[in-house]
Number of protein chains: 2
Amino acid sequence: MNSSKNSSNDHRLICTVDIVLLTLREGQLQVMLLKRDREPFDGALALPGGYVHTDEDQGCEDAAQRVLLQKAGLQSPYLEQLASFSGPARDPRGWSVSVAYFALVAAPEHGQPGQHWLPVDRLPQLPFDHGRIVAMAVERVRNKSQYSSLPVYLCTEPFTLPELHAIYAALLGEAINPVSFRRKMDELGMLEPVPGAKRADGAHRPAQLYRLKDEYRRTLRLVGRGLNA
Amino acid sequence: MNSSKNSSNDHRLICTVDIVLLTLREGQLQVMLLKRDREPFDGALALPGGYVHTDEDQGCEDAAQRVLLQKAGLQSPYLEQLASFSGPARDPRGWSVSVAYFALVAAPEHGQPGQHWLPVDRLPQLPFDHGRIVAMAVERVRNKSQYSSLPVYLCTEPFTLPELHAIYAALLGEAINPVSFRRKMDELGMLEPVPGAKRADGAHRPAQLYRLKDEYRRTLRLVGRGLNA
DNA sequence: TAAATAGTGTCTCTTAGACAATATGGC
DNA sequence: GCCATATTGTCTAAGAGACACTATTTA
């Protein structure tokens, strides 16, 4: 049965990667969108993405890194697979699978030309199913922020504890007890003070600068019991 | 540049789904494997899987449900997307993407013919990258069991609290304080006692039987602060 | 030295775990 | 009634939040 479908070519389909590149600026989680320069949806703002190149990529994550470098000029920020999205209708070119990733970076000083950073809570309608993809990425990031060190990847090193505290609070959308916050960061043992370095930022006591310990630079740390926000 | 690759056919590739079907029997998490009846790896034990059928599936999840029905005779147990696995070498047929799902079922009375249930902690070498896929599924399930109602999908309804307690303990691999466990289940408000129904199981007080409230039948509940095991 | 934020000490409150007491069915 | 496990009550301990206090800088 079904012999007419059994050539393996019948099972080949379009496979792309899409990147939800997130940062925090002005206290808001923002996503990077690019203006598309080809059909479909030529001219629309959309997630950076592209085809998987089977001749060079060793996996979809390679494709994601490639897209990130080419389209955002970024080398290896925090990158995590989000989920795959698939179906006959999400891409007008036909039945497709997109393996979506999300990446976190510290707010870039100068965006590259053509990059548009938009607050994730006030996005226009996006092409394909990019709206859903962004929504899932945001949910994942907010959720993980409750019980992990994920938000450090939104900071430029070195950073102060008050700065990191503000980032957690912005992500979670609520105040976090500063005493508990310090206790937790202390327990995690992931940060080390930069000797003698402080950040003065007004007419008051300057804050100690911290950096990630090397051994935690590429690893998430989990907070016992979460931040209990 | 690259104009030689720009026909969309160059970007089509093999896409499959694989299912990690898990259950708990004899206090162990076990995974269902099938003996493959074709190349590659003809005759080897492997995860049930199959090609995505672009002519009938509305998405990879449809394909997963289809595979689950055809190969395990199961209709819609708990099913969740795990992750996608891809690369040039994982499948000898060429560069491929597999969207992996995991599913939970109560221990089936009589396995279907050809099904092999093996404890996840003592698996032989598996073909493709199925070993890695199973490992990730197990990690996900154990992790989610710490702070959600996921394990109820491993129970046959109705069940008693001591039964559910034993399932959590087996999954997490450690004792759980029974008083805290009851408190948590109570707070979740997800279970309701089946009026008058008890399960007698020896020369002692029988236990109250519970069932999932309808509104929670397809939803995970999250435990505040987890089970703190 | 006043103002302002950084950072610490400590008390309180919530919640998890320990343990003891009670309940109930089979024998 | 005895045994074994179910179920509940209550005390204790650990950890989170509140709040007050000290530290350190600029103006």
Side-chain angles (χ1 to χ4, degrees), chain A residues 27 145-149 155 157-211 221-229, chain B residues 27 145-149 155 158-170 172-211 221-229:
Chain A
S145 297
Q146 292 177 349
Y147 61 86
S148 83
S149 59
C155 272
E157 283 187 82
F159 47 81
T160 68
L161 281 184
E163 280 163 6
L164 188 57
H165 178 252
I167 284 179
Y168 269 91
L171 280 175
L172 301 180
E174 54 193 316
I176 295 175
N177 184 302
V179 180
S180 300
F181 182 76
R182 278 168 182 279
R183 264 196 299 241
K184 284 290 185 189
M185 288 302 133
D186 203 42
E187 285 165 19
L188 280 189
M190 178 182 58
L191 306 178
E192 60 187 3
V194 183
K198 318 237 164 174
R199 174 163 299 160
D201 156 298
H204 55 266
R205 175 172 176 178
Q208 175 64 51
L209 286 164
Y210 290 84
R211 63 177 166 232
R221 291 282 281 165
L222 302 183
V223 184
R225 298 198 183 186
L227 280 156
N228 271 101
Chain B
S145 297
Q146 292 177 347
Y147 61 87
S148 83
S149 60
C155 272
F159 46 82
T160 67
L161 282 184
E163 279 163 6
L164 188 57
H165 177 252
I167 284 180
Y168 270 91
L172 301 180
E174 53 193 316
I176 295 175
N177 183 305
V179 180
S180 299
F181 182 76
R182 277 167 182 279
R183 264 195 299 242
K184 283 291 183 188
M185 288 302 134
D186 203 42
E187 284 164 21
L188 281 189
M190 177 183 60
L191 305 178
E192 60 186 4
V194 182
K198 317 236 166 175
R199 173 163 301 160
D201 159 293
H204 56 266
R205 177 172 175 179
Q208 174 65 52
L209 285 165
Y210 290 84
R211 63 178 165 229
R221 293 280 282 164
L222 302 183
V223 184
R225 300 199 183 184
L227 281 156
N228 270 101

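Throughout, protein chains are lettered first and strands after them, A, B, ... in sequence-line order, and every chain is numbered starting at 1. Because the structure is predicted, anything quoted here is derived from the model rather than measured. As a basis for the values below, the full set of heavy atoms in this structure was taken, side chains included, without hydrogen atoms, waters or symmetry mates.
- In this structure, B/Tyr147 places its OH atom 21 Å from C1' of C/dT15, rounding to the nearest Å.
- Among the nucleotides C/dT10, C/dG17, C/dG26, the one closest to the side chain of B/Ala203 is C/dG26.
- Residues A/Val223 and A/Ser148 come closest through the heavy atom pair CG2-N, 3.9 Å.
- The aromatic rings of B/Tyr147 and A/Tyr147 sit tilted relative to each other, their planes meeting at an angle between 30° and 60°.
- Protein atom CE of B/Met185 is 15 Å distant from nucleotide atom P of D/dT8, rounded to whole Å.
- Between B/Ile176 atom CD1 and C/dT15 atom P the separation is 19 Å, expressed in whole Å.
- The separation between B/Gln146 atom CD and C/dA16 atom C1' is 15 Å, rounded to whole Å.
- When rounded to the nearest whole Å, the span between NE2 of A/His204 and C1' of D/dA23 equals 13 Å.
- For an aromatic pair to be called close, the ring centres must be under 6.0 Å apart, and B/Tyr210 with B/Phe159 fails this.
- One can place CG of B/Asn177 at 15 Å from P of D/dA13, the figure rounded to the nearest angstrom.
- Closest-nucleotide positions on DNA chain C for A/Pro206 and B/Glu187 were compared, and the one nearer the 5' end corresponds to A/Pro206.
- Within 3.5 Å, a donor on the side chain of B/Arg205 pairs with an acceptor on the base of C/dA23, or the reverse.
- Listed candidates were D/dA6, D/dT25, C/dG7. Nearest to the side chain of A/Pro162 is C/dG7.
- Projected onto DNA chain D by closest heavy-atom contact, B/Thr160 and B/Val179 fall at different nucleotides, the more 5' of which corresponds to B/Thr160.
- As judged by a 4.0 angstrom heavy-atom cut-off over every strand, B/Ala200 is placed among residues making no nucleic acid contact.
- Here the side chain of B/His165 pairs a donor or acceptor atom with the backbone of B/Ile176 at under 3.5 angstrom.
- Put simply, CG on A/Asp186 is 14 Å from P on D/dG15, counting in whole angstrom units.
- Side-chain atoms of B/Gln208 come within 3.5 Å of backbone atoms of B/Ala197 as a donor-acceptor pair (strictly under, hydrogens ignored).
- Per the geometry, CD belonging to B/Gln208 stands 17 Å off P belonging to C/dA23, to the nearest Å.
- One N or O donor and one acceptor, one from the side chain of A/Arg183 and one from the base of D/dG17, sit under 3.5 Å apart.
- OP1 or OP2 of C/dG7 has at least one side-chain nitrogen or oxygen of A/Arg182 nearer than 4.0 Å.
- Considering only side-chain N and O atoms, A/Lys198 lies nowhere under 4.0 angstrom from the phosphate OP1 or OP2 of C/dA6.
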